[in-house]
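Naming convention: chains lettered A, B, ... in sequence-line order (proteins, then strands); numbering from 1 in each chain.
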There are 2 protein chains.
Amino acid sequence: MQDLAVSDIIVRSNDEEALGGAARVFTFFRDKLLSGELKAGDRLLAERELALALGVSRPVLREALRSLAMLGLLDIRHGRGAFVRAADASVLGQALTLCLAPEPNILDDVLQARIAIECQAIRLACERASERDLQALAGMLDTLVVSLDDPEKGGQADYAFHLAIVRASGSSALMKIYEAISPLLMRSHVERRRDTFREPAITSHLVDAHRAVFLSLVQRDPDAAESRLREHFKIGDELRRKNLFTSYQSQASNL
Amino acid sequence: MQDLAVSDIIVRSNDEEALGGAARVFTFFRDKLLSGELKAGDRLLAERELALALGVSRPVLREALRSLAMLGLLDIRHGRGAFVRAADASVLGQALTLCLAPEPNILDDVLQARIAIECQAIRLACERASERDLQALAGMLDTLVVSLDDPEKGGQADYAFHLAIVRASGSSALMKIYEAISPLLMRSHVERRRDTFREPAITSHLVDAHRAVFLSLVQRDPDAAESRLREHFKIGDELRRKNLFTSYQSQASNL
DNA sequence: GTCAGTCCGTGGTCTGACCACTCTAAACCG
DNA sequence: CGGTTTAGAGTGGTCAGACCACGGACTGAC
């Protein structure tokens, strides 16, 4: 072991003591991130310098930096350096996926979370939505109508519309959580769309329901908006079940 | 609790290519976790053996394992080994905190998320709550009443009651998200309680509101339950603001 | 002025060694 | 024989130094 600077010893003893080296460095940077002392875009010192400054070896420092990178907090680029990254909901989504992995019925469950977020979001949106938000929603409604016959585009337009509602709520917490659960929803969303886009009952409901929700939002009526949104989810669910049933039936008759 | 066989590992040579070594090992284990091939309590091979089996050096392997440990997926214990850990919502909470750190008004924002989750949860609970769930809630209601004059216990009882509602929804996704945001709420919750527990208007509202919510739940009336819950949040918020106002007023008169 | 090649700073990886902790089982003592 | 102590093996924790691979900047030639 090389010479140990006295200052290093003092700093260490005042720090958390029970934590391992890597964990100590990890929390060190995490706290800098939380306190805003490190902002997105900042560049960290070189690994060799950091290791020296923090009084740990390079492998230990790397374990900490790698952990931060895996959490999406750092962007480490070969030959360039380590950069602080803007907070990203994708990590949240991954964490949620990991947490929910062992549970059964996740899909239906996550759908419940989606309904929860959206219903609260639209209430807030009724209070807070700006003219621009409403115009954006109107545009998405149009996109949704013209892309009814394309499962891919239609699904995206549908998602964009609902996402815009959450955005119009002006609540970043709702937004982040919604983004976090979105990837889990996506998988089934497009599939369902592909199964149902030829059913007139479903496509007509789709347009009517979204339009009704939008109108309530324009009228800034939270109760109406929420109940129409709930209606939309409920009917959509029923139609999908019905469609699933008939498709199974036709499969059975083909045997 | 069983060791991971080396044969389980060898297969992966044509895997993802662009990823760095540590990232590759990381996703390797993450996928094993997601697929259920690795369950909570399983013990990993020793680092030296794993490194050999995966074809990477020990430092690289350690970067990956440390990352998994930081995510709460692994429990690495000095002198004993690395064990797979049960999914934990605390990581979700940390990730959320990190994501929301740069945002202003997080507290109010997270409260909106809380309302969202609970309102949906109580609707589901009206459908799904078991007799046991209801009895548990009844018990918590009693605890809440008898601990009105203790900010600490009262706050805990309050939280326990609301958590029990979410649990009664039977949705693990709602539950996880609720647990994730709870720590962010806790901070303000106890403080508020300390400021307001001597106000008769507030404490009486507290009991009435919780009881009303509970009764609607017993009657399995989703609309009533949700609206009473919203009422509870709304009035609680107003009372706190009012109390905050008068306390500022009295401070001013003391100057 | 543009392009190419070189050089330097950076992260990426490896090796081999040693330390610290935990458990176990053998050795020891009563 | 039974309980205690101790030595060993196996594990993670840390370290130092070296080398490779990538990216950008500088410099030289054209």
Select base, sugar-phosphate, or nothing to describe what B:Glu63 touches, counting heavy atoms under 4.0 Å on all strands.
-> nothing
Contact class for A:Leu45 (heavy atom, under 4.0 Å): base, sugar-phosphate, or nothing?
->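 The answer is sugar-phosphate, as A:Leu45 gets under 4.0 Å only of primed atoms, P, OP1 or OP2.
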Mind calculating the distance between [atom1] ([X]) and [atom2] ([N]) to the nearest angstrom?
X: A:Ile76; N: C:dG9; atom1: CD1; atom2: C1'; result: 16 Å
X: A:Phe83; N: D:dG23; atom1: CZ; atom2: C1'; result: 11 Å
X: A:Leu74; N: C:dT10; atom1: CG; atom2: P; result: 16 Å
X: A:Leu61; N: D:dG13; atom1: CG; atom2: C1'; result: 15 Å
X: B:Asp75; N: D:dT11; atom1: CG; atom2: P; result: 17 Å
X: A:Leu65; N: C:dT13; atom1: CG; atom2: C1'; result: 16 Å
X: A:Leu50; N: C:dG9; atom1: CG; atom2: C1'; result: 15 Å
X: A:Leu54; N: D:dT14; atom1: CG; atom2: P; result: 13 Å

To the side chain of [X], which of [options] is closest?
X: A:Arg58; options: C:dC18, D:dC15, C:dG12; result: C:dG12
X: A:His78; options: D:dG13, D:dC15, C:dG12; result: C:dG12
X: A:Ser57; options: C:dT13, D:dG12, D:dT14; result: D:dT14
X: A:Arg48; options: C:dG11, C:dT13, D:dT11; result: C:dG11
X: B:Val60; options: C:dT13, C:dG12, D:dT11; result: C:dT13
X: B:Arg62; options: D:dT14, D:dA18, C:dT15; result: D:dT14

Between [X] and [Y], is there a donor-acceptor pair closer than 3.5 Å when you use the side chain of the first and the backbone of the second?
X: B:Ser172; Y: B:Met175; result: no
X: B:Asp42; Y: B:Val84; result: no
X: B:Asp158; Y: B:Gly155; result: no

Can you find a donor-acceptor pair, distance only, under 3.5 Å between B:Arg80 side chain and D:dG12 base?
-> no
Can you check whether any acceptor in the base of C:dG12 is under 3.5 Å from a donor in the side chain of A:Arg77, or vice versa?
-> no
Do A:His162 and A:His210 come close enough that some side-chain heavy atom pair is under 4.5 Å?
-> yes
Considering only heavy atoms from C-beta outward, does the side chain of B:Arg123 approach that of B:Leu229 to under 4.5 Å?
->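 Result no, sub-4.5 Å side-chain heavy-atom pair not found.
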